There are 2 protein chains.
Amino acid sequence: MDSAADGTERGFRAGLSRTRAAYLALRDRIARGEFRPGERFPGEPTLAVELGVSRVTLRHALDRLEAEGLVERRMGSGTYLSARGGGSPVVADLANVLTHLVDMGRRTSVRLLSFAYVAPSPDIASALQLPEGERVQRSERVRLIDGQPFSYLVTSVPERIGIGWSEDDLAKKPLLELLERAGLVADHARQTITAALAGPDVARELGIEPGSALLALTRTVFDPQGRGIEHLQALYRPDLYSFQMDLVRAGHREGRRWRPVAVEGLKLDDEHPKTAAE
Amino acid sequence: MDSAADGTERGFRAGLSRTRAAYLALRDRIARGEFRPGERFPGEPTLAVELGVSRVTLRHALDRLEAEGLVERRMGSGTYLSARGGGSPVVADLANVLTHLVDMGRRTSVRLLSFAYVAPSPDIASALQLPEGERVQRSERVRLIDGQPFSYLVTSVPERIGIGWSEDDLAKKPLLELLERAGLVADHARQTITAALAGPDVARELGIEPGSALLALTRTVFDPQGRGIEHLQALYRPDLYSFQMDLVRAGHREGRRWRPVAVEGLKLDDEHPKTAAE
DNA sequence: TCAAGCTGTTCTATATTTAGTACAGATATC
DNA sequence: GATATCTGTACTAAATATAGAACAGCTTGA
């Protein structure tokens, strides 16, 4: 019963241009494995009809796919899915992103974007169970791996905890280290994973296009007494990194479920030698 | 050194319209907690200058935010962040999505979109470690929760395993149940989580706008002997559901890390009574 | 060699988006 | 009640996106 049914929903203001819609449609077909690396696409006239756009528009979409290296075009011959097709990127541990990357020998650095004491937004205040009126030390940072922007981090720490830290601390040390230096113990945490779209400012910091998809992770860290000591909102580039976890089937009969397992050694060269080679 | 630095990158073909860029910028500022529920935004002329667009364009972006219920506009007064602001949606267990939802008493149903025996794409073939030439039973399904589209699933099962199943089976039974009915044991799995953009066709099936962000989960299931028995690509709507996990800090000294913990009881009414109420 | 099919390029015409401006009507504040 | 500020609306002009078509040049295969 939606208006999408008739298909003639053209011109919804904040929606997508036809070029971008065609671009996404192709990207999706590639991601779902419709073509194999090196395979030739249908011709431009055919594709244009399939996608319901003119050939000019289709070509703009293909221009973009080519610029991103997803396809290769050979004059007079056709458009081909590039060798590395939809191939997955480097994979990271879901829970210990930073530790994991350091283990891999990657150099990480941090750029501090902002640093201030502010009234927390309501969801952060309730996640940290802060009393009314208590402020937080809020910092926005970008973490770079081997010089490439990797994650956009917004951390909020109760004022009384963060008060001793300098901007220099935040630009150089991981937050967990600062917490433990302050005598606090990170005991347990609850994290939520979701997806979000990159706004223009975040996109600029991460070196991606606005409107790209991002992996969003929200984590609240508690001390042994269950008091909130840190709130983290992180945005990751899914084109460079994705999260991985192993599961084992545990339980009996009806209660049988998947149980997450800590990723021990991170077998990157295993089964996927190519990812390690590049 | 990127072309994004000068800011005058207007008109990149498959990029975003200025209206959509403004829409995303506002959405981002809201998500990052810049405004609190009920708070008034800067006036339209001010916002237009801040975002670098004309007031007409800004209003189109606001129209959309209003249509999505994120903001409320009062004539002559201003634009206000709506009560439920950036509030998180229902939260689901990361590993046992389906089981978890059933536990919550939700009714799920499935729509089978396609069903065929095809040559697997290279990444699926290598994930399942299939011998050259072996085909897979590939099905595309949409799972609905309480009648609402929730996830888009593409499952691939080695031909020799799936050969006994009918389309009706796939439309009614969970795949794990079919596997175990066939005498196979799902022992362990490896899953990868990332983010993706919705293409027009997936968007139509899930009842969302093309270009929306989606949570993407890829899972390969193995039997006790380590042979691949199922490959799953799932896309979830992050506006309705997100994944949650608990972590505990384990290990000593330098080796201290976060260890994932199975979510036991799923405390939904805890701390967030509002989400349960709606 | 030839013909068919493909991409690359250019052009015109139309539709849509965006900027800029002005003004009407509603609301809040003093 | 006067006044400033705000949203709602309307209009014009310019920039951009899209459709449709034609043709040139390259590649492939019969």
Side-chain angles (χ1 to χ4, degrees), chain A residues 3 7-26 35 38-67 69-82 200 209-211, chain B residues 3 7-26 35 38-67 69-82 200 209-211:
Chain A
S3 69
T8 335
E9 190 197 329
R10 173 154 359 166
F12 193 166
R13 277 343 203 301
L16 301 177
S17 69
R18 294 175 74 77
T19 298
R20 191 168 170 84
Y23 158 77
L24 288 173
L26 288 172
F35 309 102
E39 187 176 338
R40 215 197 79 216
F41 282 37
E44 289 179 2
T46 311
L47 270 184
V49 170
E50 276 182 32
L51 298 176
V53 297
S54 72
R55 207 185 132 211
V56 182
T57 305
L58 169 71
R59 293 196 99 255
H60 290 153
L62 287 175
D63 286 346
R64 178 148 180 132
L65 290 172
E66 187 182 25
L70 272 170
V71 305
E72 289 165 15
R73 299 206 269 183
R74 288 201 275 281
M75 165 103 174
S77 171
T79 302
Y80 300 80
L81 181 54
S82 80
E209 289 290 318
Chain B
S3 69
T8 334
E9 191 196 331
R10 162 143 24 152
F12 193 167
R13 281 339 208 301
L16 300 177
S17 69
R18 295 176 71 77
T19 300
R20 189 167 171 87
Y23 158 77
L24 288 173
L26 289 171
F35 309 102
E39 184 177 339
R40 216 197 79 216
F41 281 36
E44 289 180 2
T46 311
L47 269 184
V49 170
E50 277 182 29
L51 298 176
V53 297
S54 73
R55 206 184 133 211
V56 182
T57 305
L58 170 71
R59 292 196 96 255
H60 290 154
L62 286 175
D63 286 346
R64 177 142 178 140
L65 290 172
E66 186 181 26
L70 273 171
V71 305
E72 288 165 15
R73 298 205 270 184
R74 288 201 275 283
M75 165 104 174
S77 173
T79 302
Y80 300 82
L81 181 55
S82 81
E209 288 290 317

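Naming convention: chains lettered A, B, ... in sequence-line order (proteins, then strands); numbering from 1 in each chain. Nothing here was measured: the structure is a model prediction, and the numbers come from that model.
Residue A/Thr79 places no side-chain N or O under 4.0 Å from the OP1 or OP2 atom of C/dC6. Taking side-chain N and O atoms only, A/Ser77 has no distance below 4.0 Å to OP1 or OP2 of C/dG5. Residue B/Thr57 has a polar side-chain atom (N or O) positioned under 4.0 Å from OP1 or OP2 of C/dA19. The phosphate of D/dA17 has neither OP1 nor OP2 within less than 4.0 Å of any side-chain N or O from B/Ser17.
Counting to the nearest Å, the P atom of C/dT18 and the CZ atom of B/Arg20 are 12 Å from each other. As a whole-Å value, the separation of A/Arg40 CZ from C/dG5 C1' is 8 Å. Look at CG on B/Asp63: it is 9 Å from P on D/dT9, rounded to the nearest Å. As rounded to whole Å, 5 Å separates atom C1' of D/dG8 from atom CE of B/Met75. The distance between atom CG of B/Leu47 and atom C1' of D/dT7, rounded to the nearest whole Å, is 13 Å. Distance B/His60 NE2 to D/dT7 P: 15 Å, rounded to the nearest Å. Rounded to an integer number of Å, the gap from B/Leu16 CG to C/dT17 P is 14 Å. Whole-Å rounding puts the B/Tyr80 OH to C/dT27 C1' distance at 9 Å.
Contact between B/Phe41 and B/Val71 at its shortest, heavy atoms only, is CZ-CG1, 3.9 Å.
With respect to B/Glu209 and B/Arg20, no salt bridge is recorded, no charged nitrogen being found less than 4.0 Å from a carboxylate O.
A residue-by-residue look at A/Leu58 and A/Arg74 shows that A/Leu58 has its nearest nucleotide of DNA chain D further toward the 5' end.
Side-chain contact check for B/Leu47 versus B/Leu26: some heavy-atom pair is nearer than 4.5 Å.
If you check D/dG20, C/dA19, D/dG8 against the side chain of B/Arg73, the one that comes closest is D/dG8.
Between the side chain of B/Ser82 and the backbone N or O of B/Gly69 there is at least one donor-acceptor pair closer than 3.5 Å.
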Problem - Trace of the side chain to side chain contact (heavy atoms under 4.5 Å, CB included) decision for A/Arg73 with A/Arg59 - result: CA-CA 11 Å; A/Arg73 299 206 269 183; A/Arg59 293 196 99 255; 3.8 Å; yes

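Residue-level contact check: B/Arg59 touches the bases, meaning some heavy atom is under 4.0 Å from a base atom. As judged by a 4.0 angstrom heavy-atom cut-off over every strand, B/Arg55 is placed among the base-contacting residues.
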